[in-house]
Amino acid sequence: MKAVRFFGHKDVRVVTDMEKPTPKGDEVLLKIGGAGVCHSDLHIIDEGTVGGSVFTLGHENAGWIEEMGSDVQGYKKGDAVLVYGPWGCGHCKPCQQSKENYCDHQSEMAYGGGLGLDGGMAEYMLVPSSRLLVPIHDLDPVIAAPLTDAALTPYSAIKRSISKLTPDEYVVVIGVGGLGHVALQILREISSSTIIACDVTEEKLAFAKELGASHTINSKDENAAEQIQKITGIKKAKVVIDFVGATSTIELGTKIVSLDGDLTIVGLGGGHYQYSMSGLPFGVSMTNPYWGSRVELMEVVGLARQKKIHIEIEKYKLDQANEVYDRMRNGKIKGRAVLIP
Ligand code: NAD
Ligand code: ZN
Ligand code: ZN
């Protein structure tokens, strides 16, 4: 079968000679409908954040059940499902609570399919346990694939701060890409705060306005922090969610977050931050959340089925993977790119 494989630093190739796996025990073989292209893939490809082995890329996956091991119950061939991405041990306390993204054994395991193990940029994908599937019912797997990360990760980050997102407060979203464009819609639907969005191009800022941002600021502007403070007034933003994670965006976040606010850094842009008592308002919680839980993914499916969130999608073939990664390097993708076998 065809697959998009990572061979090492800046070396991604589409191969055609992969063997179609056979599931046993609790394993499930999926016919892939779509595999989302995440910026984390670029960190792996260009910066080597997941070292070592050769594997099939694609950690945002959805498809139809093709074949099941003999222990799988409650599913049938053809069921449409998402693949929950952060594969934990399945038995520690966080895993039992469905928070496999914070599995006790994370330091000694590969992160999951497409992140060290074979992922979904292929015709078929082997999922190691039926525990990792979430049914999507009437949703189309081609367009639902990004729910597993581009929607789940911001949903989990937003829920963490939900008690602070009241109607009198401001929330700032930095980076209106795959994750950020869904974050804006989730904020619009589940919070009542005024939304301010930052990106570096006029197209992305106009897009942010369509998705629920009341104000947009170009974070390339030297006085971006002052422009944001003009909107919020002296109180500043109660919650800042940074989907870039560069030194400059983290610095912007520290300037615009309010006393007792949340500064949530989701982006893996390799930025640095040097703590100083006077550099951060008192009471700020700075966090670097990773992905979300299985139960949260079910909630995200609920948002999508109710049409409260919509993923803007660019569709491509597996053969176009390298072209798509180039578009992403240049910030050219509107919403999320999905590879369709
Ligand atoms: P993307 O490429 O789709 O979007 C990035 C967006 O940020 C683009 O719109 C780009 O124009 C914008 N941007 C770049 N520099 C900026 C700046 N200085 N100020 C404002 N905006 C800027 O990326 P994505 O797939 O949405 O991923 C975003 C980040 O989140 C990546 O670093 C990715 O690795 C990370 N990520 C983290 C998790 C997690 O669990 N922590 C999960 C998924 C992705
Ligand atoms: Zn991702
Ligand atoms: Zn675990």
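Counting starts at 1 for both ligands and their atoms, following the listed order.
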Only distances under 3.5 Å count here; give the side-chain donor-acceptor pairs of residues 200-215 to other protein atoms, sequence neighbours excluded, each with its distance to 0.1 Å.
residue : atom : partner : partner atom : Å
Thr201  : OG1  : Lys204  : N            : 3.3
Lys204  : NZ   : Gly331  : O            : 3.3
Lys204  : NZ   : Ile333  : O            : 3.4

Legend entry - Within-2.8 Å protein N/O/S contacts of the Zn ion (ligand 3): Cys89 SG, Cys92 SG, Cys95 SG, Cys103 SG
Inset, instruction - Decide whether the shortest distance between a heavy atom of Pro289 and an atom of ligand 1 is less than 4.0 Å. - result: yes
Inset, instruction - Enumerate the atoms of ligand 1 whose separation from the nearest heavy atom of Tyr290 is less than 4.0 angstrom. - result: 40 (O)
Inset, instruction - Step by step, work out the side chain to side chain donor-acceptor pair (under 3.5 Å) result for Asp168 and Thr166. - result: CA-CA 6 Å; Asp168 52 327; Thr166 51; 2.6 Å; yes
Inset, instruction - Determine whether any heavy atom of Thr153 lies closer than 4.0 Å to an atom of ligand 1. - result: yes
Inset, instruction - Report the member of Thr247, Val266, Leu179, Ile44 with the shortest heavy-atom distance to atom 26 (O) of ligand 1. - result: Leu179
Legend entry - Distance under 6.0 Å and angle within 45° of ring axis: Arg5 vs Phe55: no
Inset, instruction - Number the atoms of ligand 1 from 1 as they appear, then name those within less than 4.0 Å of a heavy atom of Asp149, with their elements. - result: 42 (C), 43 (C)
Inset, instruction - Report yes or no: does a heavy atom of His181 sit under 4.0 Å from some atom of ligand 1? - result: no
Legend entry - Exercise: identify the closest heavy-atom pair between Ile32 and Ala122: CB-O, 3.3 Å
Inset, instruction - Take the Zn ion (ligand 2) as the centre and count protein N, O or S atoms at distances under 2.8 Å. - result: 3
Inset, instruction - Counting heavy atoms only, name the option from Pro154, Ser156, Ser219 that's nearest to atom 19 (N) of ligand 1. - result: Ser219
Result block: side-chain N/O donor-acceptor pairs under 3.5 angstrom for residues 103-116, not counting sequence neighbours:
residue : atom : partner : partner atom : Å
His105  : ND1  : Glu108  : OE2          : 2.5
Gln106  : NE2  : Asn101  : O            : 2.7

Legend entry - Winner among Lys204, Lys220, Arg336 once heavy atoms are compared against atom 25 (O) of ligand 1: Arg336
Inset, instruction - Below 4.0 angstrom from a heavy atom of Gly178, which ligand 1 atoms are there? Numbered from 1 as shown, please. - result: 1 (P), 3 (O), 4 (O), 26 (O)
Inset, instruction - Pick whichever of Leu205, Thr264, Leu252, Val200 has a heavy atom sitting closest to atom 17 (C) of ligand 1. - result: Val200
Inset, instruction - Under 4.0 Å from a heavy atom of Gly177: give me the atoms of ligand 1 that qualify, with their elements. - result: 3 (O), 4 (O), 6 (C), 9 (O), 26 (O)
